[in-house]
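Here's the structure we're looking at; comments come further down.
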Amino acid sequence: MDKFLLFKELRKHRKLAEKRAVNYEQNKTAKVLVYVLSGFMIAYLMFFAVMLALIANSLDSMTSVEMIMAALPFILLIDFLFRFLMQQTPSQIIKPYLLLPVPRKLCIDTFISTSLFNSGNLTWFAMLLPFALMSVVFSEGIWVSIGFLFCCYLFILANSQWYAIVRTLINRSVFWWALPLAVYALIALPIILKGFSEKGFEQFFDFFAGMGTAIGDGRLWPYLLAFALLALVVAINRVVQLRSVMAEATRSEKTTLRSVSRFAFLDRYGETGQYLKLEIKTILRNKNPRKSFIFATVFVFLISLAIALTDVYDGQFMTNFWCIYNFVIYGAMMLIRVMCNEGNYIDCLLVRRENILKLLRAKYFFYIALLALPFVLMLPTVISGKWSLLMLVAYGLFTAGFQYFILFQMAVYNKQTIPLNTKLITKNGMENNYYQVVVQLVAFFLPLVFISILQVLLSDTVAYIIMMSIGIFFIATHEFWLRNIYQRMMRRKYVLLEGFRSSR
């Protein structure tokens, strides 16, 4: 089989990967809601296109193409950040091919081509295409419009590869966050050197607006620049992916002797204390749970800092959103995958009756304890008078009660094992779990809608008391709903076992 046929076969495997996933049936149902939400996002982008077109048509200082090209760095930055929320972690299904006569570079090329031709890279055309039709076609002609859209598409493709590079490196070490920070600081250098003054922003916009001028004049250098940038990041991504994947595939386990913390203070809590030890040691000793915990803690710290030191989030809606979001970060990033880590040794947990129930109880206590960190970090907003203590306590109790009740339901439906240490290579591929996406959206936005309605109908104090009461109710009844989750898991025991075993 020549390289072209191998490439075609691997592309076929990649396309079938989602249908082979153990959560395929769940995803089929959950995708409907994801598509509906995507439709809302596209509608918002089209609305922004109308607003931008109206602004561009009223400007005399620059053309429509110059305006969008000047704003392109900000569009690409937003695109880069949203990929962390929407695009799955780069994963290469290379493990089954390691013992076969298949070039490893070809596997990486297949992954890169799949990411390049992903339909998600066309999302921004929901804004760019209407903008071009309303503002560029009639003022500068059809060919300039096509050239403008093509140039933007090349930059978006390059941005997708830049994301893949950064995400892969961050998976290896959190210190690689310094790379995107350094790159974006370099891009914003004119603004930084001028002390974020008006003149600095003018120089920044003038530099990128020059590409719009060149596109309007029919020059080739903007396209050559975009092609060169795309070729460069593809070449770098190819090297980074190959080295990262092979480093994981060929790594050997090293055992080092170290002092082991026994967490003896948990012994007094019996079996629940032992499962609490298991939860803590899973995070301390394993790469992927530890990184998730670190990322969640960093996000909590940064959001708390932004809330305390700026007045950007002082509006009622933003206050509600960031307070709820800050409390639920640990749940949304870690608890949403409940039992996925345990899928590596689920057979051992099923040896004795109610082991799973005790594990779920210990997890609940552990994640309630984690809420102390965002609570303490947000206390300065109470001390400064921006927020009330009643509000902070109400949202904390509501998260510990109702939102954790929602997130713990995933224990019944999660059936895909998450590797404890390997991140880039998998046997079956870590496909998007749309069921988890839907539950995350419910955990984030349902409380926000609920509290907003309460604040419209009632006073803030009464709304906070109602939320606090709901949270206390679910906390007080945690034994009942945890047992209900356990019983439903046992009814699906063989389905869960099959899923966890097949995805190891």
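Positions are given from 1 along the sequence.
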W176 atom CH2, over 12 foreign heavy atoms within 6.0 Å
no

Heavy-atom side-chain contact between I283 and F366 under 4.5 Å
yes

Working for side chain to side chain contact (heavy atoms under 4.5 Å, CB included), residues R483 and E354
CA-CA 9 Å; R483 182 169 290 278; E354 295 195 350; 3.0 Å; yes

State, to 0.1 Å, how close L116 and S160 come at their nearest heavy-atom pair, and which atoms those are.
CD2-OG, 4.2 Å

Under 3.5 Å donor-acceptor pairs involving side-chain atoms of residues 447-461, not counting sequence neighbours:
{"unit_1": "S452", "atom_1": "OG", "unit_2": "L448", "atom_2": "O", "d": "2.7"}
{"unit_1": "Q455", "atom_1": "OE1", "unit_2": "N320", "atom_2": "ND2", "d": "2.9"}
{"unit_1": "S459", "atom_1": "OG", "unit_2": "V462", "atom_2": "N", "d": "3.4"}

Mind checking the CD1-CG spacing from I465 to L390? Nearest 0.5 Å is all I need.
6.0 Å

Scanning both residues in full, the closest heavy-atom pair of A400 with L371 reads CB-CD1, 3.6 Å

Among all residues two or more places apart in sequence or in another chain, which pass the ring-ring contact (aromatic ring centres under 6.0 Å, His included) test with F365?
H478

Within the structure provided, determine whether T282 and N344 are in side-chain contact (heavy-atom separation under 4.5 Å).
no

Can you tell if the side chain of E479 reaches within under 4.5 Å of the side chain of R361, non-hydrogen atoms only?
yes

Shortest non-hydrogen pair, R83 vs R167, comes out as O-NH1, 4.5 Å

From CG (L122) to CD1 (I156), nearest 0.5 Å:
8.0 Å

Taking all heavy atoms of S292 and all of M333, pick out the closest pair and write down the distance.
O-CE, 4.2 Å

Heavy-atom nearest pair, Q241 first then A164, reads NE2-O, 3.5 Å

I356 versus I346: any side-chain heavy-atom pair under 4.5 Å?
yes

To check you understand the geometry: which heavy-atom pair defines the closest contact between M127 and I75, and what is its length?
CE-CD1, 3.8 Å

Flag yes if more than 12 heavy atoms outside Y184 fall under 6.0 Å of its OH atom; otherwise flag no.
yes

Student check: side-chain heavy atoms of Y413 and R488 closer than 4.5 Å
yes

Kindly indicate, with the supporting measurements, whether the criterion side chain to side chain contact (heavy atoms under 4.5 Å, CB included) is fulfilled by K363 and E342.
CA-CA 12 Å; K363 280 182 177 289; E342 286 76 14; 3.0 Å; yes

Can you check whether F327 reaches L392 side chain to side chain, under 4.5 Å on heavy atoms?
yes

So NZ of K358 and OH of Y486: to nearest 0.5 Å the spacing works out to 9.0 Å

Name all residues meeting the ring-ring contact (aromatic ring centres under 6.0 Å, His included) criterion together with Y330; count only those two or more places apart in sequence or in a different chain, and write none if there are none.
F293

Applying ring-ring contact (aromatic ring centres under 6.0 Å, His included), can you list everything that pairs with Y367, at least two apart in sequence or on another chain?
none

Output, in order, the C-alpha distance, side-chain angles, deciding distance and verdict of side chain to side chain contact (heavy atoms under 4.5 Å, CB included) for N159 and W162.
CA-CA 5 Å; N159 207 43; W162 164 240; 3.7 Å; yes

In this structure, which one of F473, Y404, Y364 forms a ring pair (Phe, Tyr, Trp, His ring centres under 6.0 Å) with W481?
Y364

Looking at F500, is its backbone amide N or carbonyl O close enough to the side chain of T417 to form a donor-acceptor pair, meaning the two atoms are under 3.5 Å apart?
yes

Nearest 0.5 Å, please: how far is CZ in F474 from OG1 in T399?
13.0 Å

Tell me, do F402 and M467 make a side-chain contact under 4.5 Å, heavy atoms counted?
no

Over 60° means perpendicular and under 30° means parallel, so classify the ring planes of W322 and Y325, tilted if in between.
perpendicular

Considering only heavy atoms from C-beta outward, does the side chain of V166 approach that of V183 to under 4.5 Å?
no

What is the distance from atom CZ of F321 to atom CG of N326, rounded to the nearest 0.5 Å?
10.5 Å

Stepwise, does the side chain to side chain contact (heavy atoms under 4.5 Å, CB included) test hold for M410 with L335?
CA-CA 9 Å; M410 289 303 299; L335 188 56; over 6 Å; no

Measuring from atom CG of L357 to atom CG of N484, what distance do you get when rounded to the nearest 0.5 angstrom?
11.0 Å

Taken in chain and number order and not counting sequence neighbours, the residues that satisfy side-chain hydrogen bond (donor to acceptor under 3.5 Å, both in side chains) with Y275 are N355

Test salt bridge (Lys or Arg N to Asp or Glu O under 4.0 Å) applied to K415 and E498, step by step
CA-CA 8 Å; K415 54 181 179 179; E498 182 183 2; over 6 Å; no

With sequence neighbours left out, the residues meeting ring-ring contact (aromatic ring centres under 6.0 Å, His included) with Y464 are Y395

